[in-house]
Each structure stands twice: as C-alpha cells, then as structure tokens.
Protein chains: 2
Amino acid sequence: MRPFKHPEIDAVSLEHLLHALSDPVRMDIVRRLADEGEASCNALDGGRPKSSMSHHFRVLREAGLVWTRNDGTVHMNSLRRKELDKRFPGLMKAVLTAK
Amino acid sequence: MRPFKHPEIDAVSLEHLLHALSDPVRMDIVRRLADEGEASCNALDGGRPKSSMSHHFRVLREAGLVWTRNDGTVHMNSLRRKELDKRFPGLMKAVLTAK
DNA sequence: GCTATTGTTCGAAATATATCGAACTATAGA
DNA sequence: TCTATAGTTCGATATATTTCGAACAATAGC
C-alpha cells in the first residue's frame with residue numbers, strides 16, 4: 001500500500017475535526033492513541049469488522065487528527081498532537097480531559 | 001409556548017456536544033451568542049427559514065449548549081457558558097478561539 | 001376578539017453516514 | 001512462489017440529518 005495523503009494542518013477545519021470526534025468509535029480510537037502513543041488499526045478494532053475500522057481511520061486521517069505510517073503490512077496510527085495543539089490551542093487537552 | 005426542558009449539565013455528553021458544534025450553521029449561532037450574549041432566534045437566522053432554525057436551536061438546546069427563555073413571543077437564547085466551563089474545562093474557550 | 005409576530009411541530013424529500021461482507025492490494029516470511 | 005496477515009475499496013443497506021413549506025400555538029397590542 002502506498003503512503004496516505006494527510007491534510008496540511010493549516011487546512012484542517014474545526015468543523016470536520018469536531019464531526020470526526022463526535023462518533024463514539026472514533027473518540028475511543030483517539031483516546032487510546034493519546035494514551036498508547038501509536039497503534040495499529042488491528043489493535044484498536046474492538047472486535048469490529050476491518051472495513052468499518054478502515055472507514056473510521058479514514059475519517060480521522062482526513063480530519064487531520066491521525067497520522068498513519070506504513071510499517072510492513074501494518075499501519076501504525078498516531079495522534080497529530082503537536083500539530084493539533086498549535087492549530088487549535090487547548091482543544092485536544094479539553095477533549096481528552098472531558099469525562 | 002411553554003418553557004423548554006434543558007438537560008442537566010452533568011447529563012450533557014461530549015459526543016452530542018461535539019456533534020452539535022460540527023455544523024456550520026450551529027457553530028455560527030454559538031459564536032454569535034458568545035459575542036452578543038443573548039439573542040432571539042429571529043436575530044440569528046441569516047435569512048434561513050424559521051423551521052430550519054428551530055431545528056438547529058433544538059439540537060443546540062438538547063446538546064446542552066444553549067439556554068432558551070421565553071420573553072413574550074420572543075425566544076431569547078444564550079450560551080450556557082459557565083456551566084459548560086465547569087463541565088468541560090477549556091473546551092468552549094478552545095472552540096471559540098479556533099479560527 | 002382580531003391580527004401580527006415568533007417560533008414550534010409535522011411531514012416529506014434529499015443528502016450524508018455507519019455498518020459490514022466480499023473482493024482486492026501490499027508486504028513479510030518460509 | 002505460495003501463504004498468511006493487515007488494511008483498503010467497493011457495493012449495498014440501514015439509519016440519521018438537513019432542509020423547508022405548511023399548519024399550528026402562544027403572546028402582545030389594538
């Protein structure tokens with residue numbers, strides 16, 4: 001698989017980012033990435049079908065939240081935390097803190 | 001019209017709140033309420049039909065973002081800012097700051 | 001009571017989103 | 001080259017959401 005295209009952080013819209021976070025499956029992915037640093041799609045599927053997860057990871061990537069790199073057959077995902085903190089100061093902290 | 005029921009702030013879910021904010025019309029309403037303090041539905045419609053606006057205000061109310069009080073035939077809306085700041089510290093500030 | 005004003009509710013149509021199986025692609029390793 | 005593994009893409013279905021006109025409800029003022 002070729003590397004993914006990720007949006008420039010400045011092109012990321014708040015609207016799309018909030019929409020991406022407003023789904024429980026995706027919010028769960030984001031929280032786990034925030035905790036665990038980097039993880040494969042596989043490791044975060046919670047028993048859901050691969051195609052469903054692939055969809056959610058795509059939404060997260062396109063929203064600018066997640067960076068995916070290829071490592072063999074595995075896709076390793078991570079939060080674009082530093083960039084996000086610059087682009088939307090305080091947002092991710094507030095979101096991840098909220099219970 | 002009878003007074004609306006607003007959710008208890010502790011019953012407000014981050015998920016629903018983020019979804020409510022992920023629509024451009026509603027985000028615009030929230031920004032203007034943050035600026036102007038209190039406003040009627042009418043004052044914020046931007047030329048859109050009343051029924052569309054009524055829908056968006058309902059979503060905002062049910063998400064816990066907006067408080068609506070009756071004042072004669074007018075419905076005055078305001079951000080539940082203080083409560084939101086307690087419930088989700090830093091969130092509204094980050095959202096409203098983002099450009 | 002009558003009328004104008006503000007919004008809500010209902011119903012329908014258009015659009016978007018979520019979910020998931022099946023087929024496919026790419027890579028690692030034997 | 002063959003096989004197993006990790007994800008993507010496609011296509012279909014189900015569900016949500018947005019939008020808006022039309023009918024309705026509540027209040028103010030005459």
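Residue numbers begin at 1 in each chain, while the letters A, B, ... track the order of the sequences.
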Given DNA chain C, 5'-ward residue of the pair His56(A) and Met76(B), judged by closest heavy atom
Met76(B)
May I ask you to evaluate whether His55(B) reaches the phosphate of dG7(C), defined as a side-chain N or O under 4.0 Å from OP1 or OP2?
no
According to a strict under-4.0 Å criterion, is Arg48(A) in side-chain N/O contact with OP1 or OP2 of dA18(C)?
no
Measure from the side chain of His19(B), starting at C-beta and using heavy atoms only, and say which of dT18(D), dT8(C), dT5(C) lies closest.
dT18(D)
Do Arg81(B) and Asp85(B) sit within salt-bridge range, that is, some charged N less than 4.0 Å from a carboxylate O?
yes
Roughly how many Å is it from CG in Asn70(A) to P in dT25(C), rounded to a whole number?
16 Å
Separation of Leu21(A) atom CG from dA18(C) atom P, in whole Å?
12 Å
Is the centre of the His75(A) ring less than 6.0 Å from the centre of the Phe57(A) ring?
no
With the side chain defined as heavy atoms from C-beta on, Ser51(A) is closest, among dG7(C), dC10(D), dT9(C), to dC10(D)
In whole Å, I'd like the distance from the CZ atom of Arg69(B) to the P atom of dT27(D).
15 Å
Considering only heavy atoms and no angle criterion, is a donor-acceptor pair shorter than 3.5 Å present between the side chain of Ser54(B) and the base of dG7(C)?
no
Counting only side-chain heavy atoms from C-beta out, which of dA18(C), dA6(D), dT9(C) sits nearest to Thr73(A)?
dA6(D)
If the cut-off is 4.0 Å, is His75(A) near the phosphate of dA26(C), judged by side-chain N/O to OP1 or OP2?
no
For atom CZ of Arg26(B) and atom C1' of dA16(D), their distance in whole Å
12 Å
Plane angle bin for His6(A) and Trp67(A) - parallel if under 30°, tilted between 30 and 60°, otherwise perpendicular:
parallel
Between CG of Asp45(B) and C1' of dT5(C) the distance, given in whole Å, is 13 Å
Given atom CG of Asn42(B) and atom P of dT27(D), what is their separation to the nearest angstrom?
18 Å
Output yes when at least one side-chain N/O atom of Arg61(A) is less than 4.0 Å from OP1 or OP2 of dT8(D), else no.
yes
How many whole angstroms separate atom CZ of Phe4(B) from atom P of dA25(D)?
15 Å
Tell me whether Arg58(A) at atom CZ has more than 12 heavy atoms from other residues, nucleotides or ligands lying less than 6.0 Å away.
no
To the nearest Å, give me how far apart NZ (Lys50(B)) and P (dT19(D)) are.
18 Å
So, is Ser52(B) near the phosphate of dC20(D), with a side-chain N or O under 4.0 Å from OP1 or OP2?
yes
Using a strict threshold of under 4.0 Å (side-chain N to carboxylate O), is an ion pair present between Glu83(A) and Lys86(A)?
no
Nucleotide nearest Pro49(A) (side chain, heavy atoms from C-beta), chosen from dT8(D), dT6(C), dC20(C)
dC20(C)
Side chain of Ser40(A) - closest among dG7(D), dA28(C), dC10(D)
dG7(D)
Selected nucleotide, minimal atom distance to Cys41(A) side chain, candidates dT19(C), dG21(C), dT8(D):
dT8(D)
Is the closest side-chain donor-acceptor distance between His16(B) and Ser13(B) under 3.5 Å?
yes
